Amino acid sequence: MALKTITIPLETYKCLRGHLEKANEIFNSLGMAGGLASESKPPKPEPKETRSQKVNKYKELIGSGKRVKKPEHLKK
């Protein structure tokens, strides 16, 4: 199969290039980078807080006065 070439004005080329770049930005923001959505990797979930991190967070809240006492599930 032979490749066919065409000649287009520079203004048209710049316009088409701008539209292509904008479309790529839109697809990348939707998670469809480089192909179908099923091919792209899903975002990684945020790691869960450990018990010690939760306790430290509530200690800081209690110390700052934003929270009056610890929730029941964090008490020993």
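Computed from a predicted model, the values in this text were never measured in an experiment.
Glu49 meets the salt bridge (Lys or Arg N to Asp or Glu O under 4.0 Å) test with Lys57; sequence neighbours excluded. Under the side chain to side chain contact (heavy atoms under 4.5 Å, CB included) criterion, Thr50 pairs with Ser52, Gln53, sequence neighbours left out. Residues satisfying the salt bridge (Lys or Arg N to Asp or Glu O under 4.0 Å) test with Lys54, not counting sequence neighbours, are none.
Alongside Leu20, the hydrophobic cluster contains no other residue (criterion: ILVMFWY side chains under 4.5 Å). Side-chain contacts under 4.5 Å among hydrophobic residues (ILVMFWY), followed directly or transitively, place Leu10 together with Ile6, Ile8, Tyr13, Leu16.
Applying the salt bridge (Lys or Arg N to Asp or Glu O under 4.0 Å) test to pairs two or more places apart or on separate chains, those with a residue in residues 14-23 are Lys22-Glu25.
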